[in-house]
Amino acid sequence: MRVGVFICHCGNNIAGTVEVAKVAEAARMMPGVAFATTYMYTCSEPGQEEIKEAIKREKLDRVVVAACSPRMHEVTFRRTVEKTGLNRYFFEMANIREHCSWIGEDKELNTNKAIEAIKLAVEKAKQNKPLFPAKFKINKRVLVIGGGVAGMQAALDCADGGLDVVLVEKSPSVGGMMARLDKTFPTVDCSICILGPKMVDVSQHEKINLYAYSEIEEIKGYVGNYQIKIRKKATYVDWSKCTGCGACIEKCPSRNAFDYFNFGVAPARAINIPFPQAIPKKAKIDAQFCRQFIKGKCGVCAKFCPVGAINYEMKDEIVTEDVGAIIVASGYGLIDLDKLPEYGGGRYPDVISGIQYERILNASGPTSGHIERPSDHAEPKTIVFVSCAGSRDKSIGIPYCSNFCCMYIAKQAILTKDHIPDSRSYVFYMDIRSPGKGYDEFTRRAQEEYGVQYIRGRVSRIYPKGKKMIVKGADTLLGTQVEIEADLVVLATAVTATTDARTLAEKLHISYDPHGFYVESHPKLRPVETNTSGVFLAGACQGPKDIPASVGQGSAAAAKVLSIFSKDTLESDPQIARVNTNICVGCRKCIGTCPFGAIEEQQLRDGRIIANVIETVCAGCGICNSTCPCGAIQLQHFTDNQLLAEVNALCLT
Amino acid sequence: MSYLAGKELRIVGFLCNWCSYGGADTAGVGRFKQPTDLRIIRVPCSGRVNPLFVVKALLNGADGVLVSGCHPRDCHYSDGNFYARRRLEMLKRLLPFLGIDERRFHYTWVSASEGARWKNVVTDFTKAIHELGPFHQKEEKTECS
């Protein structure tokens, strides 16, 4: 066996804290190593050429590159090796950057660590067997989870590219958070006027199959072949008959239902359509507020429905869809006002959240766009905005910036002045974060043209005094305490992950960060991919994001799906479990432990029952491998022998 | 070539590819300084770690073994870390019967985004092993031996 070792300087990233020449010298002494060299940037084109030439010149049959993380460049170098005719699994990588040069301070210790990392990789490489991928067909349909602006953009781009799209939206209408907004910054465009046409396109596109008021029940399968179970929640209204005329809503006697769309700004009816532009524009009953369900008698809506669409007996329905890829655009949530007691959140009706104020500003909102405060419906003259209400606050577990609050506060302050010209607005802020195109000009306009008073400092307490709310805070630029008598206080509440974000991630097998936001493959270079192939991210489910960024990600995710679907077949990963039929005793333990149901019984010609791995289903976790009592089932590329070779390389010498 | 006697002890880590290996990468990218003793073996899933690998490492010369996977319920392969947890917990209780101090073995969960947490895991475990000292130079005193 002739192993070649290529050690990368990575500029100064590795060579700065590891003596690469010494490492190469030590590598040359390792048993089986025929050639070792160093290179400035091994991943560069000349660097890869050097590997190819060395393989031919030195007749190498195993290659080890000591550089960055294999999660970064394993694929790159496997391709390089393959171009010379070697099997791509004859390649191993030693991580001497992320796990060595970047974290250790002592050059001598780092150098030694790098040498050992290479020794481990060399021993593993010597055990490597050639592996060959199989090809399988892909189902060119895509599932989009979430019908907000990111999800709709992704669905439309995929559908325009000729793919069948299944769009699943949890609430009764598509549109998401953007449909709730009055105007958008920094152009002060009417939000629904730019979103509405997209919503209509989604509902009318022949390639898009929309499941509104539905949730993901179960996801099985792998890239190219997913089986999705979708729960269509009972609406108690037959949507094939409902015309959205609204007769039922007018007559509904239960008038105190919580209005989810308006974030509870005003009560709704138990049967409702969330907003006038809803797509689909169909009514649904909130059973927990409906008299028919609570008291067992009412039936008013059924009586008044001109098409007989009401059906109190309706049950949730499970439908199955087969798709090849998934785009997750499940959006974000907002922290509850109750979590902000120092601001009186949840206790005083005139302390509201930014999204509630947005609904009050909105012409199709509960107040028809007239600004009035919730307590007595009076027009407020003094309005205080508090930014970072929960955001950048470690004490409540939200250390991050919510990204778009600074901008929407400026917008709301401008709109307030437009609505009530004799009003005064104050903004308490920590920093004004307005890094987008045209954003800083916008916040400046709020201050200079509209006279919004920006006070740099935090609010310590908000409490009522008569009909006013007293806002106490600090002005850190003047070094004084301030006290403002406000009619209305708007808190820019922190953006959070949705409450069910973690459950959905577990169904998708994608990871999430401590705050519940989904983790992308690489923060810079793979921003919409996840580590689960075939699952892509779009919008604020990955982190707080404004509309342009969400739309951009929606399109990006769609492009990724279109690119994997541009082929008819995909190559399967050959790093899967394989059974040695001579050793297997047919105990069936592996069948019970496999999380994917990838192992089945197989009868041999002599009557013996043994395990058999279904190649396309096996995901390559190796749980069966460590379960097998006789070592008959081995995960290729991570066999017992390969891992023990690594252990021995470290321990025995 | 071996570990640098007197400066380092031999610590072997089995890290799952999807969470903990990524977490260690994140720690590297964030330049979270760590002790250098740990040598990392990449496995697809913590459920791939056969407890015998741990025993083999300890008997063959390791002073400590660390296994790290995805947080429970967050496994890339849905249940792998649950299998790992069950097996490794058993192993932890079995080690004293082999004459090995159970503190030489530790298993934990670190996600790909938790670079800072990874630094703490490595630092704390390395410190604990250094407090125990090298394994093969002295008689280990355990409750069962």
Side-chain angles (χ1 to χ4, degrees), chain A residues 26 29-30 68-72 95 97-106 108-110 112-113 115-117 119-120 124 502 505-506 509-514 517 519 523 531-532 575 593 595-596 619-623 625-627 635 637-638 640 643-644 646-653, chain B residues 1-4 7-8 10 12 14 17-19 21-22 24-45 47-53 56-62 70-71 73-80 83-84 87 111-114 117 119 122:
Chain A
M29 306 302 288
M30 291 177 194
C68 50
S69 170
R71 284 163 60 98
M72 181 94 179
N95 185 343
R97 196 179 73 171
E98 281 85 344
H99 291 186
C100 183
S101 72
W102 275 353
I103 56 164
E105 284 163 320
D106 184 322
E108 187 192 7
L109 292 176
N110 280 349
N112 182 54
K113 188 175 183 180
I115 293 169
E116 293 207 353
K119 189 166 75 176
L120 193 124
K124 166 96 194 288
R502 290 173 171 84
E506 282 150 17
H509 301 311
I510 58 175
S511 39
Y512 47 86
D513 69 14
F517 292 112
V519 177
N531 279 330
T532 303
Q575 299 174 79
T593 49
F596 304 94
C621 61
I623 298 171
N625 197 160
S626 38
T627 304
L635 176 64
H637 212 59
F638 291 96
D640 287 344
L643 293 177
L644 285 173
E646 290 182 84
V647 170
N648 289 342
L650 287 178
C651 298
L652 281 181
T653 44
Chain B
M1 196 67 202
S2 177
Y3 61 94
L4 293 181
K7 287 191 180 172
E8 275 185 341
R10 163 70 62 243
V12 179
F14 293 94
N17 178 45
W18 304 101
C19 293
Y21 199 92
D25 279 359
T26 308
V29 174
R31 311 296 199 280
F32 287 109
K33 299 294 178 216
Q34 299 156 36
T36 47
D37 308 42
L38 180 76
R39 305 286 181 265
I40 292 170
I41 296 177
R42 186 164 68 129
V43 289
C45 177
R48 173 67 190 92
V49 178
N50 191 326
L52 288 176
F53 294 164
K56 191 108 178 168
L58 286 168
L59 293 183
N60 281 355
C70 306
H71 286 280
R73 293 176 60 86
D74 193 20
C75 176
H76 184 75
Y77 303 104
S78 36
D79 307 331
Y83 286 105
R87 288 169 185 157
S111 86
S113 60
E114 293 174 324
R117 183 175 143 70
K119 173 213 162 117
V122 175

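A quick note: this is a predicted structure, and the numbers were derived from the prediction, not measured. Note on naming: letters A, B, ... go to the chains in the order of the sequence lines (proteins, then strands), and numbering restarts at 1 for each one.
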Lys7(B)/Glu108(A) salt bridge by N-O under 4.0 Å criterion =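 Counted as a salt bridge, because a side-chain N and a carboxylate O are separated by less than 4.0 Å.
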
Say whether, by atom type as modelled, one donor and one acceptor occur between the side chain of [X] and the main chain of [Y] under 3.5 angstrom.
{"X": "Arg48(B)", "Y": "Phe638(A)", "value": "yes"}
{"X": "Ser626(A)", "Y": "Gly47(B)", "value": "yes"}
{"X": "Arg71(A)", "Y": "Asn17(B)", "value": "yes"}
{"X": "Tyr83(B)", "Y": "Thr593(A)", "value": "yes"}
{"X": "Arg10(B)", "Y": "Leu650(A)", "value": "yes"}

What's the separation between atom [atom1] in [X] and atom [atom2] in [Y], rounded to the nearest 0.5 Å?
{"X": "Arg39(B)", "Y": "Cys651(A)", "atom1": "CZ", "atom2": "SG", "value": "11.0 Å"}
{"X": "Lys113(A)", "Y": "Leu38(B)", "atom1": "NZ", "atom2": "CG", "value": "6.0 Å"}
{"X": "Glu116(A)", "Y": "Glu8(B)", "atom1": "CD", "atom2": "CD", "value": "7.5 Å"}
{"X": "Glu506(A)", "Y": "Arg73(B)", "atom1": "CD", "atom2": "CZ", "value": "4.0 Å"}

Non-hydrogen atoms of chain B under 4.5 Å away: do they reach the side chain of [X], the backbone, both or neither?
{"X": "Ala117(A)", "result": "neither"}
{"X": "Tyr512(A)", "result": "both"}
{"X": "Leu644(A)", "result": "side chain"}

Heavy-atom side-chain proximity of Pro70(A) to Arg42(B) below 4.5 angstrom | yes

So for [X], is it side chain, backbone, both, or neither that comes closer than 4.5 Å to the heavy atoms of chain A?
{"X": "Ala27(B)", "answer": "backbone"}
{"X": "Cys75(B)", "answer": "backbone"}
{"X": "Arg87(B)", "answer": "side chain"}
{"X": "Tyr21(B)", "answer": "both"}
{"X": "Val49(B)", "answer": "backbone"}

Most heavy-atom pairs under 4.5 Å with chain A, out of Gly80(B), Pro51(B), Cys45(B), Gly28(B), belong to Gly28(B)

So which of Ile41(B), Asn50(B), Leu52(B), Val29(B) has the biggest tally of heavy-atom pairs under 4.5 Å with chain A?
-> Ile41(B)

Which atom pair, heavy atoms only, marks the closest approach of Tyr77(B) to Phe596(A)?
->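 For Tyr77(B) and Phe596(A), the tightest heavy-atom pair comes out as CA-CZ, 3.7 Å.
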
Name the member of Cys621(A), Pro595(A), Gly622(A) that forms the most heavy-atom pairs with chain B at distances under 4.5 Å.
->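 Max contact count across the listed options: Cys621(A).
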
Greatest number of non-hydrogen atom pairs under 4.5 angstrom with chain B, of Cys68(A), Gly104(A), Ala619(A), Ser101(A), falls to Ala619(A)

For Asp25(B) and His99(A), test the side chains for any donor-to-acceptor distance below 3.5 angstrom and give the result as yes or no.
->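 Note: Asp25(B) and His99(A) side chains meet the donor-acceptor criterion.
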
Could you go through the side chain to side chain contact (heavy atoms under 4.5 Å, CB included) check for Val519(A) and Trp18(B) one step at a time?
-> CA-CA 11 Å; Val519(A) 177; Trp18(B) 304 101; over 6 Å; no

